[in-house]
Amino acid sequence: MKIINRSGGLFFMIFMLGACVEPYDPPLKYSDVNYLVVDGFLSSSEGYATVRLTRTLPVKSGEAIPAESGAMVRLEDELGAVFPLSETQSGVYQGNVSGVTPENRYRVVIRTKDNREYTSDLVVVMEAPAIDSLHYSFLDDGVEFAVTTHDPTGAARHYRWDYVETYEYNSNFNSLFKFTPIGVEFRHPSESIYTCWRTNESTGLLVTTTKHLDEAVVSNFPITFIPKGSIKLSVKYSLLVKQQALTEEAYDYWLNLQKTTEQLGGLFDPLPSEVLGNIRGITNPGEKVIGFFSAGSVQESRIFLRRGEFPKHMIVIYNNPSCMLDTVAIPDLPGVFTDFVLLVDAIYAPGAGIVAYTTSQISCVDCRTFGGTRDRPSFWE
């Protein structure tokens with residue numbers, strides 16, 4: 001019997017596949033990628049529209065995404081009503097749209113400051129079903145948040161989610177004293193820099209479909225994951241999830257955009273593809289425009305997670321190992337570089353009162369250095 005050694009051939013194939021992966025830098029000029037990007041949504045829940053206009057940049061550009069400012073933007077319905085939008089910040093156009101109904105269709109019309117006109121297709125208003133549950137699961141390495149929803153009518157088959165997370169956290173040390181022009185003073189509780197709240201909006205694309213299922217049911221769709229020991233879980237965490245129902249065309253657009261922007265780089269990842277959307281040029285019909293305009297209701301659900309609710313394996317104290325206390329005697333205070341060091345607490349000696357102060361670097365004392373603010377959110381429980 002003849003024995004064939006297959007392991008060597010398999011190793012050779014894997015080696016050759018890895019060896020064939022080489023970076024490719026396409027020879028694009030800036031003008032090749034200076035496309036208008038439109039992200040527009042009409043919320044029937046609020047009767048309010050938001051349209052963001054930006055321009056594309058080369059892949060390796062380190063510049064900030066340029067906003068398309070100075071445009072004239074309006075919404076129109078198929079009955080001829082017109083709703084102008086105002087530029088509330090650079091590249092962001094917003095305004096009220098009265099009487100939004102699922103029986104009507106809407107489109108956005110844009111005229112940029114160089115007098116180029118663009119429009120979207122007329123789109124239907126998609127009514128999103130309520131979120132059945134927003135819940136979390138404790139895993140070995142962190143916490144996973146997920147949503148469950150369904151549409152009993154079967155009309156909503158495609159979904160998209162955005163979220164806003166807010167978390168409360170503390171600095172490593174609580175500063176009880178502060179430097180002032182006249183010396184050291186006690187820090188009033190209203191000036192505390194120990195507790196902060198930070199808010200982040202989602203940046204990824206979260207979409208799914210139930211079109212291949214018998215029922216329009218989404219079960220335990222993962223929204224976000226927070227690793228064990230994260231500062232987000234150090235005190236209390238809030239997650240606000242916003243759910244939209246999509247048309248099939250909108251779902252295909254966001255899914256293709258997700259594949260193009262988030263799943264590239266591996267040997268078996270999808271190849272880059274052109275993702276345009278439902279926006280087209282009127283002044284120049286051959287001009288490429290990226291983006292999508294859609295309309296519909298938005299369903300929201302919020303959940304809180306407190307540190308006291310963690311199981312034992314999740315109780316990991318968030319700690320910055322570089323944070324240490326130092327001691328400065330009162331005569332040495334004038335030499336303290338206050339741009340880098342803050343006071344923490346006082347050191348007392350019997351019969352002498354305060355003889356020194358403990359100090360630490362600002363990043364260990366001022367919670368605002370982690371991007372948060374001292375303003376407690378109005379919704380905070």
Side-chain angles (χ1 to χ4, degrees), residues 64 138 141-143 164-201 203 224-240 303-381:
F138 292 110
D141 55 347
V143 183
V164 180
E165 60 177 5
T166 303
Y167 56 93
E168 178 182 341
Y169 65 94
N170 297 322
S171 56
N172 284 74
F173 305 116
N174 188 8
S175 173
L176 301 179
F177 294 84
K178 64 180 181 178
F179 291 107
T180 72
I182 61 174
V184 174
E185 294 183 359
F186 181 74
R187 187 185 295 276
H188 191 272
S190 64
E191 302 174 306
S192 174
I193 51 176
Y194 180 62
T195 300
C196 281
W197 291 264
R198 178 169 177 173
T199 296
N200 301 320
E201 295 187 1
T203 56
T224 188
F225 173 83
I226 305 176
K228 180 168 62 176
S230 168
I231 191 174
K232 297 179 181 181
L233 301 176
S234 59
V235 179
K236 186 160 62 174
Y237 178 86
S238 166
L239 184 69
L240 173 66
I303 193 172
F304 284 91
L305 176 59
R306 300 163 181 81
R307 183 174 176 80
E309 299 170 0
F310 293 176
K312 288 184 178 180
H313 79 274
M314 281 291 298
I315 300 177
V316 177
I317 303 294
Y318 174 79
N319 183 47
N320 185 347
S322 66
C323 289
M324 295 180 292
L325 288 174
D326 199 359
T327 302
V328 178
I330 288 182
D332 297 329
L333 284 176
V336 173
F337 196 16
T338 58
D339 287 343
F340 294 97
V341 173
L342 292 178
L343 298 174
V344 177
D345 205 349
I347 298 176
Y348 298 84
I354 298 176
V355 296
Y357 292 93
T358 54
T359 66
S360 189
Q361 62 196 58
I362 289 180
S363 61
C364 301
V365 180
D366 191 341
C367 60
R368 294 171 296 184
T369 60
F370 284 88
T373 71
R374 299 189 301 116
D375 301 325
R376 181 187 180 96
S378 59
F379 61 83
W380 207 248
E381 297 179 352

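All values below were derived from every heavy atom in this structure, side-chain atoms included, with hydrogens, water molecules and symmetry-related copies excluded. Everything numeric here is computed off the predicted structure, so don't read it as measured data.
Of the residues Asn174, Leu176, Ile354, the one that meets the side chain to side chain contact (heavy atoms under 4.5 Å, CB included) test with Asp345 is Leu176.
Thr166 is listed as a side-chain neighbour of Phe379, based on a closest heavy-atom distance under 4.5 Å. By the 4.5 Å heavy-atom criterion applied to side chains, Val235 and Arg307 are not counted as neighbours. Using a 4.5 Å heavy-atom cutoff, the side chains of Tyr357 and Phe179 are not in contact. Asp141 has its side chain out of reach of Lys228: every pair of non-hydrogen atoms, C-beta onward, lies at least 4.5 Å apart. When side chains are defined from C-beta on, Phe177 counts as touching Phe186, because their heavy atoms get closer than 4.5 Å. No side-chain heavy atom of Leu233 sits under 4.5 Å from any side-chain heavy atom of Tyr167.
Looking only at distances, a side-chain donor or acceptor of Thr369 sits under 3.5 Å from a matching main-chain atom of Asp366. Remark: the backbone N or O of Ser190 is paired with a side-chain donor or acceptor of Arg374 at under 3.5 angstrom.
Taking Phe340 as the reference, Phe337 meet the side-chain contact (heavy atoms from CB on, under 4.5 Å) condition, with sequence neighbours excluded. In terms of the salt bridge (Lys or Arg N to Asp or Glu O under 4.0 Å) criterion, residue partners of Glu381 (sequence neighbours excluded) are, by chain and number, Arg306. Residues satisfying the ring pair (Phe, Tyr, Trp, His ring centres under 6.0 Å) criterion with Phe173, sequence neighbours excluded, are absent altogether. Partners of Glu191 according to the salt bridge (Lys or Arg N to Asp or Glu O under 4.0 Å) rule, which considers only residues two or more places apart in sequence or in another chain, are Lys178. Qualifying side-chain contact (heavy atoms from CB on, under 4.5 Å) partners for Ser175, counting only residues two or more places apart in sequence or in other chains: Arg187, Ile193, Val365.
The two residues Glu168 and Ser234 make their nearest non-hydrogen contact at O-OG, 3.9 Å. Nearest heavy-atom pair, Arg198 versus Gly372, reported as atom, atom and distance to 0.1 Å: CB-CA, 3.9 Å. Closest of all the heavy-atom pairs between Asp375 and Trp197 is O-CE3, 3.6 Å.
Residue pairs that meet the disulfide (SG to SG under 2.5 Å) test with at least one member in residues 351-381, sequence neighbours left out, are Cys196-Cys367, Cys323-Cys364.
For the atom pair NZ of Lys236 and CZ of Phe304, the computed distance is 6.0 Å after rounding to the nearest 0.5 Å. To the nearest 0.5 Å, atom CG of residue Asp339 and atom CD1 of residue Ile362 are 6.5 Å apart. Of the inter-residue distances, the one linking Phe370 atom CZ with Tyr169 atom OH reads 7.5 Å to the nearest 0.5 angstrom. Between atom OG1 of residue Thr327 and atom CG of residue Asp332 there is a gap of 11.0 Å, rounded to the nearest 0.5 Å. Asn200 contributes atom CG, which lies 11.0 Å from atom CG of Leu239 (distance to the nearest 0.5 angstrom). Separation of atoms CD1 (Ile226) and CD (Glu165) is listed at 6.0 Å; rounding is to 0.5 Å.
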Can you list the steps and then say if Val336 with Thr359 is a side chain to side chain contact (heavy atoms under 4.5 Å, CB included)?
CA-CA 10 Å; Val336 173; Thr359 66; 5.5 Å; no
